Amino acid sequence: MARILITSAIPYINGIKHLGNLVGSQLPADLFARYMRARGHEVMFICATDEHGTPAELAAAKAGKPVAEYCAEMHAVQKGLSDGFGLSFDHFGRSSSERNHELTQHFAGKLWENGYIEEVTERQVYSQADGRFLPDRYIEGTCPNCGYEKARGDQCENCTKQLDPTDLINPRSAISGSTDLEVRETKHLYLRQSLLKDRLEAWIDSKTDWPVLTTSIARKWLHDGDGLRDRGITRDLDWGVPVRRGGEPWPGMEGKVFYVWFDAPIEYIAATAEWADAHGLGEPAWRRWWRTDEGADDVRYVQFMGKDNVPFHTLSFPATIMGSGEPWKLVDYIKSFNYLNYDGGQFSTSQGRGVFMDDALDLLPADYWRWWLLRNVPENADAEFTWEHFQATVNKDLADVLGNLASRVTKFCRSRFGEAVPEGGTTGAFEAALIARLDKRVRAYEDHMEAMEIRKAAAELRALWAEGNEFLQEAAPWAAFKEDPARAAATIRLAFNLIRFYAVISRPFIPDASARLMAALRCEDWTWPDDVNRALTVLPAGHAFEVPEVLFRKITDDEREAWRARFAGGRG
RNA sequence: GGGCCCGUAGCUCAAUUGGUCAGAGCAGAGCGCUCAUAACGCUUUGGUUGGGGGUUCGAGUCCCUCCGGGCCUACCA
């Protein structure tokens with residue numbers, strides 16, 4: 001039994017996430033976690049809400065609430081939606097937790113001691129009306145290059161020129177529109193990750209099995225321009241982790257907080273500590289996952305994230321850990337994803353374009369979404385959600401291939417033999433051939449899951465389901481029943497076991513449907529089919545069952561069109 | 001501007017380090033079955049693998065170039 005630590009990129013707090021966010025990290029991480037648990041491994045699956053930063057403060061202000069209250073509410077909302085999608089986190093923490101405050105300050109203290117933090121006095125734009133320093137992109141003005149009037153302080157969206165806020169003509173706050181701006185001096189801490197460039201690069205180079213997407217982004221940042229740049233890790237905000245060196249105050253940094261991208265990855269560790277706290281466990285319970293000197297040496301650590309998060313996970317966070325000089329666990333494998341687009345464009349939180357997690361659960365049970373999203377997860381390139389494809393995939397795969405198989409077997413049995421697995425008859429070479437095919441496929445499925453080749457795993461799983469229909473067609477128990485009922489009984493008995501087999505292996509993808517199948521079979525034996533032959537004899541003759549409700553209903557053309565219209569934009 | 005990824009049958013995608021790899025699912029066509037959510041099974045029509053050039057005994061698979069699409073470019077996270 002292995003020990004596997006899994007973290008999903010932590011979703012930002014300022015609103016409900018859309019399906020693109022879900023499929024880019026949390027959902028595939030859940031698939032992997034569920035699979036590894038099913039194989040009997042010890043899994044620690046961690047996620048959290050990322051609660052600090054300017055957008056959180058602005059969202060809270062817009063909602064007319066104190067930021068702490070806003071974050072607490074949104075955390076509860078996101079937790080509820082995570083549960084709704086069946087995301088099986090061992091703990092869903094909060095980056096604003098006391099644990100994260102302590103750990104973030106601890107890391108900063110160690111980095112300072114080791115010379116990896118530098119104090120830098122810089123000039124930033126301050127807005128009197130907003131009472132805050134403005135990040136570059138929150139300053140708008142006229143582009144000096146092309147004259148576009150809504151250029152942002154970091155870049156002009158019209159001509160794509162990189163800008164400095166002070167370049168803008170007639171600069172104003174993007175928050176309030178105020179032009180009462182001034183440049184003030186302010187002191188900040190920089191993480192001197194450039195000092196760790198060689199170590200980081202050697203580390204990245206050693207990861208030859210990582211997705212190209214992951215390593216290419218990391219290398220780009222290592223070599224772009226003058227190489228890896230140092231990074232500001234503090235901000236002039238109220239909401240966040242106060243800047244301290246471990247337990248000590250940090251002279252000259254009063255009133256400042258750490259930058260979210262410094263404290264957010266540390267929350268992976270902190271959330272594991274939160275998990276231990278929530279379960280009344282002591283320090284060793286979580287440290288054995290994270291400290292290589294306290295048991296984490298044999299832990300395999302896998303991270304899931306969208307490509308936008310890769311630089312922070314391949315460089316900044318590892319730099320934080322390396323620079324601490326302490327034996328914290330570094331990630332072993334980073335599975336990164338491209339984006340999911342929506343019907344010809346991008347998902348847009350601001351425009352309400354696309355399907356959001358709450359909407360999705362409002363329309364259909366989680367398994368429909370899980371299946372489509374995972375089967376089409378943007379592994380190698382950006383993928384696209386269309387209602388036609390969603391309808392076609394779900395109806396065919398889930399309703400016709402899997403759901404209907406359960407219906408035809410259980411209903412046939414009920415009408416011919418009654419509501420118990422029939423007895424009599426024996427299996428022969430025909431069944432042995434089926435088992436051989438299933439064995440080959442389930443081993444391939446395992447290999448794909450182990451390698452996190454999600455699309456391939458989904459395709460193999462579907463092929464396994466299809467084997468059931470092929471077998472039934474060939475065995476034709478409805479025909480055999482007339483001349484040789486025992487023969488039909490043996491076929492149906494195997495078919496029942498086949499359904500259980502499918503429930504077990506499909507569970508990582510469609511956990512609710514698997515549970516309903518098992519409930520109908522009145523079975524609680526979720527043993528993984530290491531031995532397919534044995535797995536197909538779990539349900540004995542005489543075992544009572546119920547005919548399940550329709551496992552997956554079909555999506556109608558009318559629904560498809562109504563939903564397309566509803567989610568075209570203008571949510572709110 | 002720089003960097004990266006992609007462009008394979010109508011659609012969505014597969015093809016270990018170059019050597020039966022030109023495939024699967026869907027859609028289409030034909031046949032079969034009738035247990036089932038008008039579901040299932042079998043057979044079958046589709047591609048000179050974006051264009052051109054090159055390396056090689058042999059290239060979707062390597063190199064060059066052109067065309068087309070996407071992403072990233074560091075204080076929003």
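These numbers were taken from a predicted model, which means no experiment stands behind them. The figures here come from the full heavy-atom set of this structure, side chains too, leaving out hydrogens, waters and symmetry mates.
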Do [Y] and [X] meet the salt-bridge criterion of a basic N to acidic O distance under 4.0 Å?
X: A:Arg132; Y: A:Asp238; answer: no
X: A:Glu431; Y: A:Arg487; answer: yes
X: A:Glu559; Y: A:Arg553; answer: yes

Legend entry - Pair A:Glu384-A:Asn376, side-chain donor/acceptor within less than 3.5 Å: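 Note: A:Glu384 and A:Asn376 side chains miss the donor-acceptor criterion.
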
Inset, instruction - Would you tell me whether A:Glu201 and A:His223 have side-chain atoms, one donor and one acceptor, within less than 3.5 Å of each other? - result: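 Side-chain D/A pair, A:Glu201 to A:His223: present.
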
Legend entry - Rounded distance in Å between the C1' positions of B:C11 and B:U55: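 Result for the C1' pair: 35 Å, nearest Å.
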
Inset, instruction - Provide the distance between the two C1' atoms, one in B:G7 and one in B:G50, to the nearest whole Å. - result: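 Each nucleotide's C1' atom is 6 Å from the other's.
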
Inset, instruction - Specify the glycosidic conformation (syn or anti) of B:G54, with syn defined as within 90° of 0. - result: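 Glycosidic conformation of B:G54: anti.
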
Inset, instruction - For B:G60, decide between syn and anti, treating a glycosidic angle within 90° of 0 as syn. - result: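 Nucleotide B:G60 adopts syn.
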
Legend entry - Sub-4.0 Å heavy-atom contacts from residues 465-477 of chain A onto RNA chain B, ordered by number: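 RNA chain B contact set from residues 465-477 of chain A: A:Asn469, A:Glu470, A:Gln473.
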
Inset, instruction - Give a yes or no on whether the ring-centroid distance for A:Phe430 and A:Phe471 is below 6.0 angstrom. - result: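 Between A:Phe471 and A:Phe430, which both carry aromatic rings, the centre distance is below 6.0 Å.
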
Inset, instruction - Assign the ring pair A:Phe304 / A:Phe337 to parallel, tilted or perpendicular, where the plane angle (0 to 90°) is split at 30° and 60°. - result: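 Plane angle under 30°, so parallel.
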
Would you indicate which nucleotide in [options] comes nearest to any side-chain atom of [X]?
X: A:Tyr259; options: B:A74, B:U37, B:C75; value: B:C75
X: A:Lys396; options: B:C75, B:C40, B:A77; value: B:C40
X: A:Trp221; options: B:U73, B:A77, B:C40; value: B:U73
X: A:Pro55; options: B:A36, B:C76, B:C71; value: B:C76
X: A:Asp400; options: B:U37, B:C71, B:C75; value: B:U37

Should [X] be listed as having a side-chain N or O under 4.0 Å from OP1 or OP2 of [N]?
X: A:Lys411; N: B:U34; answer: no
X: A:Lys554; N: B:A39; answer: yes
X: A:Arg235; N: B:C76; answer: no
X: A:Gln346; N: B:C71; answer: yes
X: A:Tyr190; N: B:C75; answer: no
X: A:Arg416; N: B:C35; answer: yes
X: A:Tyr138; N: B:C75; answer: no

Legend entry - Stacked pair A:Trp478-B:C35, distance under 5.5 Å, angle under 30°: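 Stacking is present between B:C35 and A:Trp478, given that their ring centres fall under 5.5 Å apart and the planes under 30°.
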
Inset, instruction - Could you tell me whether the side chain of A:Arg408 has a donor or acceptor atom within less than 3.5 Å of a complementary atom in the base of B:A39? - result: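 When only heavy-atom distances are counted, A:Arg408 does not reach the base of B:A39 through any donor-acceptor pair under 3.5 Å.
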
Inset, instruction - Please state whether the base of B:A36 and the side chain of A:Asn404 form at least one donor-acceptor pair under 3.5 Å? - result: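 Flag set: donor-acceptor pair detected.
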
Legend entry - A:Arg408 side chain reached by A:Trp478 side chain, heavy atoms, under 4.5 Å: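 The answer is yes, as the side chains (C-beta and beyond) meet within the 4.5 Å cut-off.
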
Inset, instruction - State, yes or no, whether a side-chain contact exists between A:Val377 and A:Arg455 at a heavy-atom distance under 4.5 Å. - result: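 They are in side-chain contact.
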
Legend entry - Where RNA chain B forms stems, i.e. three or more consecutive Watson-Crick or G-U pairs with both distances under 3.5 Å: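 Expected stems, ordered by start: B:1-7 with B:67-73, B:10-13 with B:23-26, B:28-32 with B:40-44, B:50-54 with B:62-66.
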
Inset, instruction - Determine whether more than 12 heavy atoms belonging to other residues, nucleotides or ligands lie under 6.0 Å from atom CD of A:Gln346. - result: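 No - once you tally the heavy atoms of other residues, nucleotides and ligands closer than 6.0 Å, there are 12 at most.
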
Inset, instruction - Going 5' to 3' through nucleotides 3-18 of chain B, assign each nucleotide B (protein heavy atom under 4.0 Å from a base atom), S (under 4.0 Å only from sugar-phosphate atoms) or - (no protein heavy atom that close). - result: SSS-------SSS---

